[in-house]
Amino acid sequence: MTKILLAYSTVDGHTLTICERIRRALEAAGGTVTLVTVEQAASLDLAGFDKIAIGASIRYGKHRPNVAEFVERHASLLASRPSAFFSVNIVARKPEKNRAETNPYVRKFLARVPWKPALADVFAGRLNYPALGPVDRTMIRFIMWITKGPTDPTGVYEFTDWARVDAFAAALARL
Ligand SMILES: Cc1cc2nc3c(=O)[nH]c(=O)nc-3n(C[C@H](O)[C@H](O)[C@H](O)COP(=O)(O)O)c2cc1C
């Protein structure tokens with residue numbers, strides 16, 4: 001049975017929701033999935049996994065620093081087996097920025113880490129205005145206003161294309 005590590009980095013939980021869907025697909029395909037945060041993954045024996053996938057969200061232009069740190073620390077192990085990466089951000093709601101090759105955050109991340117995952121993708125995230133603090137809500141509304149996105153502070157907007165997530169999970173199962 002293929003053992004897969006699925007490590008995630010989230011602030012508001014949407015990347016975990018995406019990972020849970022990927023986990024279900026991998027398990028349906030016969031895999032055994034360990035779903036943990038990047039922090040928790042750091043204390044695991046990674047050599048015990050056949051495949052490793054990492055999902056991380058963007059906040060104010062960046063993934064959390066521990067994502068790159070994890071990749072740097074385990075670069076040779078990641079190179080030794082099938083691996084995958086996906087980013088979750090709101091810019092990816094735009095068709096011209098919703099592929100690994102065209103999303104600025106994925107491009108920047110993969111350019112600076114010593115890792116060439118066999119599979120890389122990006123999924124548009126979720127905005128839950130009522131759940132944000134006043135400073136973040138104001139900042140995000142301003143960014144959305146500039147980029148012609150939704151600005152209703154009472155709105156919850158999910159931009160994730162779940163068919164894309166399913167396709168990623170299927171490709172990961174085949175790696
Ligand atoms: C405070 C804050 C800052 C964000 N900054 C960015 C950003 O710079 N670029 C972007 O594309 N999306 C940005 N987003 C959108 C998030 O990436 C999106 O909400 C994602 O679904 C969050 O995933 P998570 O719940 O797993 O953390 C931001 C969201 C919040 C709440």
Side-chain angles (χ1 to χ4, degrees), residues 4-26 33-42 44 52-71 83-113 115 117 119-169 171-172:
I4 306 146
L5 174 65
L6 195 47
Y8 65 91
S9 166
T10 184
V11 176
D12 295 321
H14 194 60
T15 304
L16 173 59
T17 304
I18 291 173
C19 282
E20 283 166 343
R21 183 156 170 140
I22 294 170
R23 171 170 63 179
R24 283 195 293 278
L26 293 172
V33 180
T34 300
L35 177 59
V36 290
T37 62
V38 168
E39 289 87 341
Q40 291 164 335
L44 296 178
I52 298 175
I54 302 174
S57 67
I58 286 285
R59 216 163 164 101
Y60 293 126
K62 293 189 165 83
H63 301 104
R64 257 70 59 211
N66 66 347
V67 181
E69 282 160 23
F70 180 88
V71 169
S83 64
F85 173 74
F86 69 86
S87 177
V88 179
N89 54 74
I90 223 70
V91 155
R93 77 188 189 284
K94 303 225 165 201
E96 70 278 14
K97 291 183 179 164
N98 77 355
R99 302 278 158 190
E101 305 76 35
T102 57
N103 185 266
Y105 304 120
V106 175
R107 289 173 61 108
K108 207 167 146 196
F109 180 77
L110 292 179
R112 70 161 281 232
V113 293
W115 182 31
L119 198 59
D121 215 331
V122 59
F123 306 123
R126 183 175 191 267
L127 277 185
N128 183 351
Y129 279 119
L132 297 178
V135 175
D136 285 339
R137 190 183 308 125
T138 305
M139 290 291 289
I140 299 305
R141 286 184 73 208
F142 180 61
I143 293 166
M144 284 294 116
W145 179 71
I146 294 172
T147 60
K148 299 182 170 51
T151 55
D152 174 0
T154 65
V156 180
Y157 303 95
E158 189 180 277
F159 297 100
T160 313
D161 179 344
W162 293 103
R164 283 275 305 276
V165 176
D166 292 343
F168 176 87
L172 180 55

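Every value quoted in this text rests on a predicted model; they were computed, and no experiment measured them. We count ligands from 1, going down the list as the structure has it; atoms in each ligand are counted the same way.
For a threshold of 3.5 Å applied to N or O pairs, the pair formed by Gly125 and ligand 1 contains no separation below that value. The shortest N or O to N or O distance between Leu127 and ligand 1 is not below 3.5 Å. For ligand 1, none of its N or O atoms has an N or O atom of Arg64 under 3.5 Å away.
If you take CG on Leu5 and CG on Leu44, they are separated by 6.5 Å, rounding to the nearest 0.5 Å.
Counted by atom type alone, Tyr129 and Asp136 present zero donor-acceptor pairs between their side chains at under 3.5 Å. Between the side chains of Thr10 and Arg64, no donor N or O sits under 3.5 Å from an acceptor N or O. Side-chain polar atoms of Ser87 and His63 form a donor-acceptor pair below 3.5 angstrom.
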Problem - Val156 and Leu127: CA distance, side-chain angles, deciding distance, side chain to side chain contact (heavy atoms under 4.5 Å, CB included) verdict - result: CA-CA 6 Å; Val156 180; Leu127 277 185; over 6 Å; no
Exercise for the section: Test salt bridge (Lys or Arg N to Asp or Glu O under 4.0 Å) on Arg59 and Asp12 and set out the steps. Expected result: CA-CA 10 Å; Arg59 216 163 164 101; Asp12 295 321; 2.9 Å; yes
Handout entry: Step-by-step ring-ring contact (aromatic ring centres under 6.0 Å, His included) determination, Phe159 to Phe123
Key = CA-CA 8 Å; Phe159 297 100; Phe123 306 123; over 10 Å; no
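Summary of contacts: the protein heavy atom closest to atom 21 (O) of ligand 1 is Arg126 N, 2.9 Å. The closest protein non-hydrogen atom to atom 23 (O) of ligand 1 is Ser57 CB, 3.2 Å. The protein heavy atom nearest to atom 12 (N) of ligand 1 is Ile90 N, 3.2 Å. The closest protein non-hydrogen atom to atom 6 (C) of ligand 1 is Tyr60 N, 3.6 Å. From the protein, the heavy atom lying nearest to atom 17 (O) of ligand 1 is Ile58 O, 2.7 Å. With respect to atom 25 (O) of ligand 1, the closest heavy atom belonging to the protein is His14 N, 2.9 Å.
Side-chain atoms of Pro65 and Glu69, non-hydrogen and from C-beta on, do get closer than 4.5 Å to each other.
The contact set between ligand 1 and Gly61, taken as ligand atoms under 4.0 Å from a residue heavy atom, comprises 7 (C), 8 (O). Numbered from 1 in the order shown, with element, the atoms of ligand 1 that lie under 4.0 Å from a heavy atom of Val88 read 17 (O), 20 (C), 21 (O). Under a 4.0 Å criterion applied to the non-hydrogen atoms of Asp12, ligand 1 contributes the atoms 24 (P), 25 (O), 27 (O), 31 (C).
Using a 4.0 Å cut-off between heavy atoms, Thr10 contacts ligand 1 through both its backbone and its side chain. Heavy atoms of Ile140 found under 4.0 angstrom from ligand 1 belong exclusively to the side chain. For Leu132, every heavy-atom contact with ligand 1 shorter than 4.0 Å involves the side chain, none the backbone.
The aromatic rings of Phe168 and Phe86 sit perpendicular to each other, their planes meeting at more than 60°, with 30° as the lower class boundary.
For the pair Tyr105 and ligand 1, a heavy-atom separation below 4.0 Å is found.
Here the options are Asn98, Thr160, Thr147, Asp161, the test is side chain to side chain donor-acceptor pair (under 3.5 Å), and the partner is Arg93; only Thr147 passes.
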